[in-house]
Amino acid sequence: METKYIFVTGGVVSSLGKGIIASSLACLLKARGFRVTIQKFDPYINIDPGTLNPYEHGECYVTVDGHEADLDLGHYERFTDIATTRANNVTTGRIYQSVIDKERRGDYLGKTVQIIPHITDEIKRSVMALGKTGRFDFVITEIGGVVGDIESLPFLEAVRQLRWELEDNALCVHLTYVPYIAAAKELKTKPTQHSVKQLQQLGIQPDVLVLRTEHDIPAEMRAKIARFCNVSPGAVVQSKDAPSIYRIPVLMHEQGLDDIVLRKMHAPLDNEPDMAPWHDFLANMETASEPVTIGLVGKYVELQDAYKSINEALFQAATYAGRRLDLRYIHSEKLTAENVSEQLAGLDGVIVAPGFGHRGIEGKFTALEWCRTHDVPTFGICLGMQCMVIEFARNVLGLTDANSTEMDPSTPHKVIDLMEEQKSIHNMGGTMRLGAYDCRLRPGSRVAEAYGRTDISERHRHRFEFNGSYRDRFEQAGMMCVGENPDTRLVEVVEIPGKRWFIGTQYHPEYQSTVLHPSPLFRSFVDAAIAYRAERTAATGK
């Protein structure tokens with residue numbers, strides 16, 4: 001089958017869930033046996049989100065090939081079980097950088113470089129790149145931002161051109177908002193009509209409308225929207241608020257979104273999607289009643305998307321364990337020796353979050369000392385693992401001034417230090433240890449037991465590492481270096497075998513956790529938290 005291209009655009013307001021709709025459609029098409037991939041085009045001028053503060057853009061996701069990407073790529077992977085790469089996320093900055101590089105090389109033969117055709121041609125080339133590999137039946141492209149945004153115009157112009165060039169092999173799904181006016185007790189369709197009109201003024205006629213809503217939209221109202229927006233009546237579906245994003249693929253299939261797309265693109269409609277494993281996950285999710293209570297210690301806990309992949313990996317692990325996740329956020333800046341017991345007592349497990357910089361770091365040390373001495377299941381990720389090492393050095397090895405050179409370059413005990421190859425690097429963007437690296441686990445360790453094997457590959461995003469010159473002192477005192485890179489011997493995993501579950505990973509296992517294949521390490525951590533809860537319940541009778 002010739003590769004077909006689906007474009008997902010949005011209107012009225014941002015944060016409607018284009019990424020979830022794109023992911024849900026990809027999930028359904030893949031469940032029908034099609035080869036599918038998704039890409040995100042972001043209209044900001046940053047080359048990638050790697051240098052963006054989480055307050056600006058939420059979590060920075062990392063692909064297998066080491067690209068720092070938009071957090072929607074995490075949704076793509078969690079919904080489809082397909083690993084993404086650099087090709088799946090393109091920004092305005094990447095597009096302009098590529099065009100300027102070509103201009104400097106003289107590729108345009110002295111012509112005046114303009115938005116049209118040079119920028120739009122580069123966008124079109126990026127859209128088509130995955131399709132031209134011959135590996136996919138469908139390439140779904142999400143256009144970031146909202147129709148009407150100045151920065152999105154070159155992307156939408158490229159979509160307009162591709163719609164004509166690709167003919168029946170291109171389709172536009174437009175996600176828009178139907179607000180409910182509480183005082184009037186009415187749903188209003190005008191914002192959707194205006195959004196579609198803006199899209200039409202740019203030369204793009206949407207083929208399918210997905211209406212984001214908090215309330216059911218009556219059939220006659222959907223017909224009205226179809227009539228005013230020049231869309232066939234059967235191609236208007238609603239995306240009503242759901243208790244979980246993981247219900248969205250099922251809700252979209254119930255309304256026939258995948259059937260609509262396949263019919264309009266003249267693709268085979270021979271079979272129903274095989275969603276049995278997905279339904280099993282939903283059944284576990286909806287029947288789970290007893291909680292497992294996890295504390296997440298970090299400095300961005302007030303941001304919904306700052307730790308998105310960790311939140312989802314925990315949710316998936318809890319669901320497979322038949323538990324309802326009760327996630328408590330604990331601000332590391334506000335955590336002190338005086339309130340730590342009040343903040344952490346009663347938790348079944350604690351995760352110390354990744355991050356950068358010294359803000360809130362002392363609170364993480366305080367949390368880790370309390371968890372270690374009270375033998376609470378504890379999971380440190382990236383900076384969280386480094387904090388585990390520093391806290392252990394200070395309070396067990398007696399190296400009271402131990403630190404990371406990220407926090408204190410003059411520390412006499414650099415138990416965490418800048419990687420040698422990083423010391424000559426001054427640019428911040430895309431220069432860390434990024435992407436998937438091999439790790440060899442020590443046989444018999446708890447982490448090897450969790451994975452069920454000793455050779456694994458996980459994704460990284462960091463500059464600083466465990467200082468191997470301290471390795472023997474740590475192991476003699478009880479903190480074992482149980483995972484290392486087989487080529488460089490860089491320490492990837494530490495654990496204290498004498499504790500219930502006390503493990504730190506330099507890598508980010510949350511990035512590879514999906515609905516159908518949750519992270520083994522998160523599952524092991526949640527199982528340990530459930531066992532700890534049972535112990536406490538048996539001891540107290542509560």
Side-chain angles (χ1 to χ4, degrees), residues 50-56 58-60 294-303 306-307 309-310 328-344 347 349-374 376 378-419 422 428 432-433 460-467 470 474 479 491-496 502-508 510:
T51 57
L52 288 175
N53 190 305
Y55 288 105
E56 291 279 332
E59 170 189 79
C60 177
I294 305 295
L296 177 60
V297 180
K299 65 179 179 180
Y300 298 118
V301 294
E302 69 273 30
L303 300 175
Y307 304 113
S309 291
I310 291 175
R328 310 278 179 88
Y329 294 102
I330 299 152
H331 204 304
S332 59
E333 270 194 295
K334 300 175 182 178
L335 200 59
T336 65
E338 290 70 37
N339 67 18
V340 63
S341 184
E342 175 190 348
Q343 292 280 317
L344 303 187
L347 297 176
V350 173
I351 284 190
V352 180
F356 296 92
H358 59 80
R359 183 168 69 87
I361 201 77
E362 292 298 328
K364 291 183 177 181
F365 296 147
T366 300
L368 284 163
E369 182 180 16
W370 192 91
C371 289
R372 181 178 54 78
T373 55
H374 288 78
V376 176
T378 307
F379 191 178
I381 300 174
C382 198
L383 180 61
M385 173 267 203
Q386 295 173 4
C387 289
M388 277 183 163
V389 169
I390 295 166
E391 186 279 324
F392 192 88
R394 290 179 179 181
N395 298 314
V396 178
L397 299 184
L399 308 175
T400 55
D401 294 326
N403 213 327
S404 165
T405 50
E406 179 184 11
M407 315 304 165
D408 179 9
S410 61
T411 176
H413 295 291
K414 304 175 181 180
V415 292
I416 302 293
D417 200 5
L418 190 64
M419 298 166 61
Q422 292 283 324
M428 298 295 287
M432 290 182 280
R433 189 176 184 219
H460 294 246
R461 185 177 184 249
H462 61 100
R463 282 192 172 83
F464 293 80
E465 294 274 1
F466 181 95
N467 186 340
Y470 287 87
F474 274 87
M479 178 174 275
V491 173
E492 306 277 25
V493 188
V494 297
E495 72 175 48
I496 302 180
F502 200 88
I503 293 173
T505 64
Q506 185 59 77
Y507 54 76
H508 291 256
E510 69 273 19

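FYI, the numbering just counts along the sequence from 1. No experiment lies behind these values; they were computed from the predicted model shown. Below, each value reflects all heavy atoms present in this structure, side chains not excepted, and no hydrogens, waters or symmetry copies.
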### Query
Between Phe474 and Val415, is any pair of side-chain heavy atoms under 4.5 Å apart?
yes
#### Entry: Heavy-atom donor-acceptor pair, Gln386 side chain to Phe464 backbone, under 3.5 Å
yes
### Task
Quick one: pull up CG in Leu368 and CE in Met388 and give me the separation to the nearest 0.5 Å.
5.5 Å
### Query
Below 4.5 Å, heavy atoms only, C-beta onward: do Ser309 and His508 meet side chain to side chain?
no
### Message
Against the six-membered ring of Tyr507, is Arg433 placed for a cation-pi contact (under 6.0 Å from the centre, within 45° of the normal)?
### Response
no
### Message
Closer than 3.5 angstrom, by distance alone: can the side chain of Thr366 be matched with the main-chain N or O of Thr336 as a donor-acceptor pair?
### Response
no
### Query
Heavy atoms, side chains only, cut-off 4.5 Å: are Leu397 and His413 in contact?
no
#### Entry: From CD1 (Ile381) to SG (Cys387), nearest 0.5 Å
12.5 Å
### Task
Drop me the distance from Lys364's NZ to His358's NE2, to the nearest 0.5 angstrom.
12.5 Å
### Message
For a quick check under 3.5 Å, do Asp417 and Thr405 share a side-chain donor-acceptor pair by atom type?
### Response
yes
### Near-ring test Tyr329/Tyr307, centroid separation under 6.0 angstrom
no
### Summary
Output for pair (Met479 CE, Glu391 CD), nearest 0.5 Å, gives 7.5 Å
### Query
Mind checking whether Glu406 and Arg463 have side chains closer than 4.5 Å, heavy atoms only?
no
### Task
Would you indicate whether the side-chain heavy atoms of Val376 and Trp370 approach each other to under 4.5 Å?
yes
### Minimum heavy-atom distance Lys299-Ser332, with the two atoms named
N-OG, 3.6 Å
### Message
Quick check for you: to the nearest 0.5 Å, what is the distance between His460 atom NE2 and Thr505 atom OG1?
### Response
8.5 Å
### Query
In Å and rounded to the nearest 0.5 Å, what is the CG to OH distance from Leu399 to Tyr470?
6.5 Å
### Query
Charged N to carboxylate O below 4.0 Å: is that the case for Arg394 and Glu362?
yes
#### Entry: Val494 vs Met385 side-chain heavy atoms within contact, under 4.5 Å
yes
